[in-house]
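Worksheet: one structure, shown below.
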Number of protein chains: 2
Amino acid sequence: MAGKKLDEERQLFYEYLRQNGLKKTRQKDLILETFVNNEGHLSVEDIYALVKKRDKRVGIVTVFRTLKSLTACGIAKEIALGDGLTRFEHCYHHPVHHHIICTTCHQVSEFVSPELERVQESIVTQYDFKPIHQRIQIYGMCHDCRAEQPRADGPSPDTGKVFARDALRMALAMLNQGIDFYRTAAVRNQDPTGREIFELLAGEEESHARLLEKELELLHQKERALREAPVFLHFEPRDLQRLIPSLHAGVASGGLCLDARSAVETAMQIEERAAGFFLEYAERFAETEGKQIFLRFVEHARNHHAAMLRRAQAVISAGA
Amino acid sequence: MAGKKLDEERQLFYEYLRQNGLKKTRQKDLILETFVNNEGHLSVEDIYALVKKRDKRVGIVTVFRTLKSLTACGIAKEIALGDGLTRFEHCYHHPVHHHIICTTCHQVSEFVSPELERVQESIVTQYDFKPIHQRIQIYGMCHDCRAEQPRADGPSPDTGKVFARDALRMALAMLNQGIDFYRTAAVRNQDPTGREIFELLAGEEESHARLLEKELELLHQKERALREAPVFLHFEPRDLQRLIPSLHAGVASGGLCLDARSAVETAMQIEERAAGFFLEYAERFAETEGKQIFLRFVEHARNHHAAMLRRAQAVISAGA
DNA sequence: CTTTATGCAAAAAGTTTGCAATAAA
DNA sequence: TTTATTGCAAACTTTTTGCATAAAG
């Protein structure tokens, strides 16, 4: 299970060595293995200490040099967390993220926020500046330190899994907003066929939601620590709400009345917008399970969209 | 002119020395003066070199120690810009800002973005984390380096002035949106008294806008480099637009019709919202000319609000 | 048997500390 | 006259480099 990740990164490393005429050695292997098997933000000294435990004969210079290579081939990434040490974090198949650093207990939390990225992009555009990488770090005091509680230091789960969990949560939030809309639209609609269609759609979305919930539950069971793990992917529900037409206008003008055709069209528009939004969203991320979840959601929405198109054609020909 | 800033910071420094039982010296004075008179992000070595030019007898250790003191009393602030050197920037009466760093020419631009801050706050809230300071840095390639032009290195104006310029621009953007609204509302309104009131309001806002424009022009004349200086305060016009009620609903329902009373109420609501928004906005910033501009705008909006309240009472009693 | 890798020691680079001489208060 | 300050040299920390030896291909 855990060895799979190691194998993949080892392959990547070997490929890098081969392409640069470098040689495989016992030391490089050991350093790679130590780095890959230790989540967190380790300094050279940290890694050196871990390596030394397994093989006394390794020198710190080799650790420096090997970490440079691991950085060059995209397995590791140098970061500075304000304590004057260069630290290394995992980079392979990890989304670009930022850091929240407690200056009391030195705990470091990671987060992703496409919303933050969006604002940054708009700023950078004004300068006609081409960003290559960025550093966002928030220093302060964490909840546990303020409560003067020793931090509950359970084994923190793999970032990839946390991201997958949050992607599922986000997809579910989208589905639930859709379901809400369809249910409300059904109740409010005065055209019986329109009402029926909205109810059908709500049912379909609900069954999809149940599927995702099951997947989330499975993930939680596989990785018990996931339930405690803090949010990694931040999203604002109101950004999802924007994808769904408001029912207020309909209410103000005294009740919605969409016939079968308009109902299907409305639904198609929702699915289309959601697909577009999540596709653009997914593309911001490196290859991860979370990204796959978003892409699967896009596919689902597109299939739904296509199915409705067929249904609409049936409705139209029946009406004609 | 420039000496005023130096004097203020010297007072602050002396006060700090006094309170900590420390002594004034020729060296400390010289280092303070050198730091204050040099905008930019200078390293210890940079400042040491500048100080040496004026007094050969100063040692680099004293520069290290004095910069520590200047940091402790809020005149300087340590920053790391990714080149391994500790640099110092001006902190006294400078708003909290972030950095865009060109990795080719090493030019550093500063910016402020309350929008970015807002997203950060919402993230931090989820962690129940108390932020103390943050670091946002965007590394990449600037426009000039991509165009392979040697950077036009004019004298960069004081950050405080650039911030003031941008605050004026933002206030003007708000005023212009208000004017647009009042003008459109006047044209669309079918009630003659309502129309008249909107036109009056538009006129008042326009004369205020002309005042701010004159102020902006004056600022530009005093500080010639200001015209070239890049944007420092980023704001999204759509955030201002949100403060003004949409006219679309009115259009859809076939023409707006606000009587005198509703017209005044609408205007009062706009002024109130604008005052609230800019007050909250201003409070995010340290003591600066820009902040004062925002606060003056708040006062203007409040006065306007109060004047309308009086007018509304007049209208009501006239109508009664 | 050629070429790269390793580990040691030494150097570099940035910053801090100990200390005797010096200058404020 | 007391107390903090200064500047030098030395120490310290993190990272890099030179080089002879060892290991990989």
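No experiment lies behind these values; they were computed from the predicted model shown.
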**Asked** In whole angstrom, what separates A:Leu17's CG from D:dA23's C1'?
**Response** 15 Å
**Message:** I want to check a possible cation-pi pair here: A:Lys24 against A:Tyr14, using under 6.0 Å from ring centre and within 45° of the ring axis as the test.
**Reply:** yes
**Asked** Does B:Arg165 come within less than 4.0 Å of B:Glu223, counting only side-chain N to carboxylate O?
**Response** no
**Asked** Which letters describe nucleotides 8-19 of chain D, given B = protein heavy atom under 4.0 Å from base, S = only from sugar-phosphate, - = neither?
**Response** B-----SBBB--
**Prompt:** Out of curiosity, B:Leu42 CG to B:Leu85 CG, how far, rounded to the nearest 0.5 Å?
**Reply:** 11.0 Å
**Request:** Measure the spacing between NZ of A:Lys68 and SG of A:Cys73 and express it to the nearest 0.5 Å.
**Result:** 14.0 Å
**Asked** Below 4.0 angstrom from OP1 or OP2 of D:dA24, is there any side-chain N or O of A:Thr25?
**Response** no
**Rounded distance (Å) that lies between atom C1' of D:dT6 and atom CZ of B:Arg26** = 9 Å
**Item:** salt_bridge(A:Glu78, A:Arg87) N-O dist < 4.0 Å
**Value:** no
**Asked** How would you give the extent of chain A contacts on DNA chain C, as first and last nucleotide 5' to 3' within a 4.0 Å heavy-atom cut-off?
**Response** C:dT3 to C:dC8
**Message:** It should be established whether A:Gln27 places a side-chain nitrogen or oxygen under 4.0 Å from OP1 or OP2 of nucleotide D:dA23.
**Reply:** no
**Asked** According to the interplanar angle, ranging from 0 to 90°, do the rings of A:His97 and A:Phe232 count as parallel (below 30°), tilted (30 to 60°) or perpendicular (above 60°)?
**Response** tilted
**Request:** Grab the CD-C1' distance between B:Gln19 and D:dA4 for me, whole Å please.
**Result:** 17 Å
**Message:** Which heavy atom of A:Glu236 sits nearest to which heavy atom of A:Glu115, and what is that distance?
**Reply:** OE2-CG, 4.2 Å
**Item:** B:Arg118/B:Glu121 ion pair, N-O < 4.0 Å
**Value:** no
